[in-house]
Amino acid sequence: MVRLVIGRQGESGLGFDLPEVLKALGPRVLASAWAIDGLHYVSTDERNVSGFQAEEGVRIPGAKLLSGISNLLQVLDGEFRAFEASREPWVIVRAIDSSWWEVESDDSVALSAIRERFRNVDEQS
């Protein structure tokens with residue numbers, strides 16, 4: 001898998017969060033089932049964000065994930081894995097200490113979309 005690191009180098013404050021990363025990945029986000037692990041976030045009203053409350057490792061529909069995003073202020077840490085029909089995720093999105101994001105995938109379309117959407121993208125193997 002190719003890992004892209006977004007926003008770590010030279011930016012003061014990211015200026016984006018999970019909604020922008022998911023939007024860049026396109027319609028497959030909605031069609032996927034998502035497993036969320038290690039999630040720490042801040043909501044706009046200091047309540048739990050609907051859709052983020054699955055037990056760790058349990059897959060939730062993309063529609064449920066997207067439904068709570070308007071109440072999301074910032075993801076501090078967490079891993080979001082997207083699955084379609086296969087047992088392996090087609091993309092893994094990680095928030096790291098509210099300082100940068102990582103997107104891991106073998107899907108060239110997803111990787112290209114991330115490179116096009118964000119300025120500071122560093123590819124790591």
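Position 1 is the first residue of the sequence; numbering continues from there. The model shown is predicted, which means the values in this text are computed figures rather than measured ones.
Contacts of Ile96 classified as side-chain contact (heavy atoms from CB on, under 4.5 Å), with partners at least two apart in sequence or in another chain: Arg94, Trp100, Glu102. Every residue was checked against the side chain to side chain donor-acceptor pair (under 3.5 Å) condition with Thr44, not counting sequence neighbours, and none meets it. A search for side chain to side chain donor-acceptor pair (under 3.5 Å) contacts involving Arg117 returns nothing, not counting sequence neighbours. Annotation: side chain to side chain donor-acceptor pair (under 3.5 Å) contacts of Asp97 (sequence neighbours excluded): none. Every residue meeting the side-chain contact (heavy atoms from CB on, under 4.5 Å) condition with Pro19, not counting sequence neighbours, appears here in chain and number order: Asp17, Ile69, Leu72.
A heavy-atom distance below 4.5 Å is found between the side chains of Phe80 and Leu65. Here the side chains of Arg81 and Arg59 are not in contact, with every heavy-atom distance at 4.5 Å or above. Residues Ile36 and Glu79 form no side-chain contact, since every pair of their non-hydrogen atoms from C-beta on lies 4.5 Å or further apart. Contact check for Val109 versus Ser112: no side-chain heavy atoms found under the 4.5 Å cut-off. Between Val93 and Trp101 there is a side-chain heavy-atom pair separated by less than 4.5 Å. Using a 4.5 Å cut-off on side-chain heavy atoms (C-beta onward), Val58 and Trp34 make no contact.
Tyr41 places a side-chain N or O within 3.5 Å of a backbone atom of Val49 that can act as its donor or acceptor partner. Distance alone, capped at 3.5 Å, is enough to place a donor-acceptor pair between the Asp106 side chain and the Met1 backbone.
Other residues sharing the hydrophobic cluster of Val42, ordered by chain and number and joined by side-chain separations under 4.5 Å: Leu73, Leu76.
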Which atom pairs, one a donor and one an acceptor, fall under 3.5 Å between side chains of residues 23-33 and the rest of the protein, sequence neighbours left out?
residue	atom	partner	partner atom	Å
Arg28	NE	Glu84	OE2	3.0
Arg28	NH1	Asp107	OD2	2.6
Arg28	NH2	Glu84	OE1	2.6
Ser32	OG	Arg28	O	2.6
Ser32	OG	Trp90	NE1	2.7

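Once rounded to the nearest 0.5 Å, the distance linking CZ of Arg3 with CD of Glu104 reads 6.0 Å. Distance check: Asn71 CG to Glu46 CD gives 12.5 Å after rounding to the nearest 0.5 Å. Interatomic distance, OG of Ser105 versus CD1 of Ile92, reported as 8.5 Å (0.5 Å rounding).
Connection of Leu39 to Phe83 is not established within any shared hydrophobic cluster, with ILVMFWY side chains joined at heavy-atom distances below 4.5 Å, either directly or through further cluster members.
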